[in-house]
Amino acid sequence: MEELIRQEKVRKLRELGIEPYPHKFEVTHEIHAVREKYEKEPQGEEVVLKAKVKRVSNYEGKKLLRLTDESGLEILALTEEEEIKPGEEYTFKGNLVRHEGKLTVINAKVVDEKPNATIEEIKKAYDFDPQGEEVSIAGRLVAWRPMGKAIFGHIQDLLGKIQIYIKKDTIGEENFKFIKEFVDLGDIVGVKGNLFRTQTGELTVEVKEFKLLSKCLHPLPEKWHGIKDIEVRYRQRYLDLIANPNARKIFLMRSKLLAEIRKFMTENGFLEVETPILQPIASGANAKPFITHHNYLDMDLYLRIAPELYLKRLIVGGYPKVFEIGKNFRNEGVDTTHNPEFTMMEFYAAYWDYKDLIRFTERLFEHLINTVLGGKSKVTFEGMEIDLKPPFRVVRYFDLLKEGTGKDKDFFLKADREELIKLARELEVKNPETLTRAKLIDKIFEKVGEPKLVQPTFVIDFPKLLSPLAKTHREDPDLVERFELIIGKMEVANAYTELNDPKEQEERFLDQLKEKQAGDDEAMEMDKDFIRALEYGLPPTGGEGIGIDRLAMLFAGVNSIREVILFPAMRPEG
RNA sequence: GAGCCGGUAGCUCAGUCGGUAGAGCAACGGCCUUUUAAGCCGUGGGUCCCGGGUUCGACUCCCGGCCGGCUCACCA
């Protein structure tokens, strides 16, 4: 009943005339800015260091060592060496980085070499003396170590964490007593004081003024293990973000990813637009929609399954390059790669075709690797090593099918449906007899094509049957000019030269209606106004959709879409 | 929608053969003015997911349900 104890503190504070939730605290620095000012970022330089092991702890399958020497200064080391004993002296060789703000020797190995640096020299080179600068900072209290007449703690804001030191002599007896009595781990606090370095060398604020800014009524998750329960992490994402640095990191990366995509699009002449989410006709993709109701108009509306048909109307209207980043909603299953609402970027460029889109997509990836991944193009996804560096492999749809089945295009498009069903059954496609020809081809492709596509691959030239909005291939009337970009067996992008012949578009919609009657409940809906728009003239246009969540999964190296969506879909709590 | 696995203190986890529950962190009371997974001494804390059943007795065994994870199906 720690909650009760904390509530009681709030009551007492009010009684004393102290507001536990004050309106304002003047902040002069964000925590990371303070650190950046007095800390240089090491770049993995090799160091050989002789030092005594003060403490050994387990950290993500490795050993985290706290090292010291005669200077009393401290440095961390991460090692896979098993036989490290506290109190013993070793010479370590490894690479210097900053880990959660602290200088750390990673990949540390015990060696028999002459040291090339002392802890003191390393600290001097990367951790500078703040010379008592006054700062006023605020954040959440995430560590709290009272030691008699002094208290050490850490406060954390979004990008950083810094140690605070509260000394009775500095802050005064009464303030010290107040802090001891009323402040708890998890509270949001503001401190004003002077920067110094402790004996072990850690940048610290010696607190002159302390203000409680918001009382935390619940105890925080455990400091060492964080919060592991996946259900709690998703339902109470704020706890995940407070307790798990990796979660914070992933969503920062996602935000950066979106910012860089926007920047790249804008710099390349694309105009950001917004089109309806509430749509009277759910079209532009093959999917089951959510249905909602507008009371005043007394009509059912759909949450969009795609913005495609609206964006193309804008090209007709005279905007040559447009893009939209937003949510699509599909009333389907939930699993590690599907959330009912998901983020897509769609963009359209007049006078481009699908080959221009391939080049543009590669340039976009190049930009994102450089800005979001810091130039490192290799990622690990589901245990697969994937290199995101363009150019990507290009392979034709029917070549992949032939490779996987030995059957050519004519077989898939012209053979009796029975034969396709037979092949599908051999490949363990479920209930093939209920599928239309288009779906059969699609399923067979998913069985034999996609599983092979680990490294980024443009699959090009799809069958027309599967692509009602794509323009017929200039060299083959059975195909359309379309590609999917597949990475790690996941469809990440889908693009085509847009069909701009209104008559042909109308016929393709009619074909879709036939598919629907034949049992495909995801076949596309006819949109008559869209046809009318095409009748006014859509220039030759290339259009593409990129799945932002999946891109974020790849960039973050996580295998569940819920790890990159802040609040993934969940059933209501018990 | 189906199969498998899981749900125990605020958090991370133990819990033997069926005998009404433990540890670390967090909390509470002490000591401690450069600590850092601080340390030392002491204390309190449980709807064992929910509902039935079997049993003298159920965290444990059985049945049903809720929530989650994984795999499959469906989809991007």
Side-chain angles (χ1 to χ4, degrees), chain A residues 1-6 8 54-59 64 66 72-74 76 100-102 142-154 161 163-171 176 184-186 196-202 204 206 216-235 239 242-243 285-288 305-306 328-344 428-431 439 442-443 446 450 484-486 490-494 521-522 545-551 559-562 568 570-574:
Chain A
M1 299 298 87
E2 286 162 50
E3 282 84 357
L4 291 179
I5 292 165
R6 292 185 180 209
E8 177 62 15
K54 212 168 148 185
R55 181 182 212 108
V56 182
S57 37
N58 294 316
Y59 184 85
L64 183 67
R66 185 170 289 276
L73 295 166
E74 282 190 1
L76 301 181
E100 285 176 34
K102 293 178 178 175
V142 292
W144 195 237
R145 297 182 291 279
M147 304 190 32
K149 296 180 182 64
I151 301 167
F152 283 94
H154 275 93
K161 196 155 88 170
Q163 181 162 261
I164 60 173
Y165 178 50
I166 303 165
K167 197 159 69 161
K168 195 171 170 180
D169 294 350
T170 310
I171 200 149
F176 193 78
D184 291 298
L185 207 50
F196 75 110
R197 286 193 180 274
T198 60
Q199 272 180 9
T200 58
E202 180 163 353
T204 304
E206 180 165 0
C216 174
L217 296 177
H218 296 278
L220 286 189
E222 203 240 353
K223 62 187 164 192
W224 194 243
H225 297 95
I227 181 151
K228 289 239 174 90
D229 186 326
I230 288 173
E231 188 173 345
V232 178
R233 288 187 48 228
Y234 297 160
R235 284 194 199 281
L239 274 184
I242 290 168
N286 301 105
K288 287 173 220 154
I305 55 175
N328 289 343
F329 305 85
R330 300 192 183 172
N331 207 339
E332 286 151 7
V334 175
D335 64 25
T336 47
T337 53
H338 297 84
N339 195 60
E341 52 179 304
F342 64 103
T343 303
M344 276 258 281
E428 293 173 342
V429 172
K430 224 180 157 191
N431 299 325
K439 279 268 168 186
D442 202 23
K443 290 288 141 207
E446 275 171 27
E450 280 188 8
E484 283 188 2
L485 173 58
I486 301 193
M490 272 193 308
E491 181 187 336
V492 172
N494 183 10
D521 55 358
E522 286 170 356
I546 297 181
I548 301 297
D549 307 292
R550 290 182 174 183
L551 199 60
N559 59 15
S560 168
I561 200 167
R562 295 180 202 107
M570 289 255 163
R571 285 199 170 83
E573 228 169 321

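Keep in mind that what you see is a predicted model, and the values were worked out from it rather than measured. Quick note on labels: first sequence line is chain A, next is B, and so on, each numbered from 1.
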**Asked** Between A/R197 and A/E202, is there a side-chain N and carboxylate O pair less than 4.0 Å apart?
**Response** no
**Complete:** Considering only heavy side-chain atoms of A/I230, the closest of B/A27, B/G69, B/G10 is B/G69
**Message:** Taking only side-chain N and O atoms of A/R6, does any of them lie within less than 4.0 angstrom of OP1 or OP2 on B/C28?
**Reply:** no
Short N/O separations, protein against nucleotides 41-43 of chain B, under 3.5 angstrom:
none

**Item:** Residue list, side-chain contact (heavy atoms from CB on, under 4.5 Å) with A/R55, at least two apart or on another chain
**Value:** A/R66
**Message:** Among B/C11, B/G68, B/C74, which nucleotide has an atom closest to any side-chain atom of A/I227?
**Reply:** B/C11
**Item:** Length of the line joining A/K228:NZ and B/G24:C1', which is rounded to integer Å
**Value:** 13 Å
**Complete:** Ranking B/A26, B/C28, B/G69 by distance to the side chain of A/L185, first place goes to B/A26
**By side chain to side chain donor-acceptor pair (under 3.5 Å) - contacts of A/D335 (at least two apart)** = A/T337, A/H338
**Prompt:** Does A/K149 have any side-chain contact (heavy atoms from CB on, under 4.5 Å) partners at least two apart in sequence or in another chain, and if so, which?
**Reply:** A/K168
**Prompt:** From B/G69, B/U35, B/A73, pick the nucleotide closest to the side chain of A/D335?
**Reply:** B/A73
**Prompt:** Should the pair A/Y165 and A/F196 be assigned to parallel (<30°), tilted (30 to 60°) or perpendicular (>60°) ring geometry?
**Reply:** tilted
**Request:** Consider the side chain of A/Y234, meaning its heavy atoms from C-beta on, and name the nucleotide among B/U12, B/C28, B/G69 that approaches it most closely.
**Result:** B/G69
**Prompt:** Expressed as a whole number of Å, how far does the P atom of B/C5 sit from that of B/C63?
**Reply:** 12 Å
Are there any protein N/O atoms within less than 3.5 Å of an N/O atom in nucleotides 30-34 of chain B, and if so, which ones and at what distance?
| residue | atom | partner | partner atom | Å |
| --- | --- | --- | --- | --- |
| B/C32 | N3 | A/G148 | N | 3.0 |
| B/C32 | N4 | A/G148 | N | 3.2 |
| B/U33 | OP2 | A/K149 | N | 3.2 |
| B/U33 | N3 | A/D169 | OD2 | 3.0 |
| B/U33 | O4 | A/D169 | OD1 | 2.3 |
| B/U33 | O4 | A/D169 | OD2 | 2.7 |
| B/U34 | O2' | A/Q199 | OE1 | 2.7 |
| B/U34 | O2' | A/Q199 | NE2 | 3.2 |
| B/U34 | O2 | A/Q199 | N | 2.7 |

**Request:** Establish, with yes or no, whether the OP1 or OP2 oxygen of B/A76 is under 4.0 angstrom from a side-chain nitrogen or oxygen of A/R550.
**Result:** no
**Prompt:** Whole-Å distance between B/G45 P and A/L4 CG?
**Reply:** 14 Å
**Message:** Can you tell whether the side chains of A/R6 and A/E3 come within less than 4.0 Å, N to carboxylate O?
**Reply:** no
**Asked** Is the shortest side-chain N to carboxylate O distance from A/K439 to A/E522 below 4.0 Å?
**Response** yes
Polar atom pairs between nucleotides 4-9 of chain B and protein, under 3.5 Å, N or O only, would you list them?
none

**Item:** Under 3.5 Å on both distances, the Watson-Crick or G-U partner of B/U60
**Value:** none
**Prompt:** B/A27 C1' sits how many Å from A/I5 CD1, rounded?
**Reply:** 6 Å
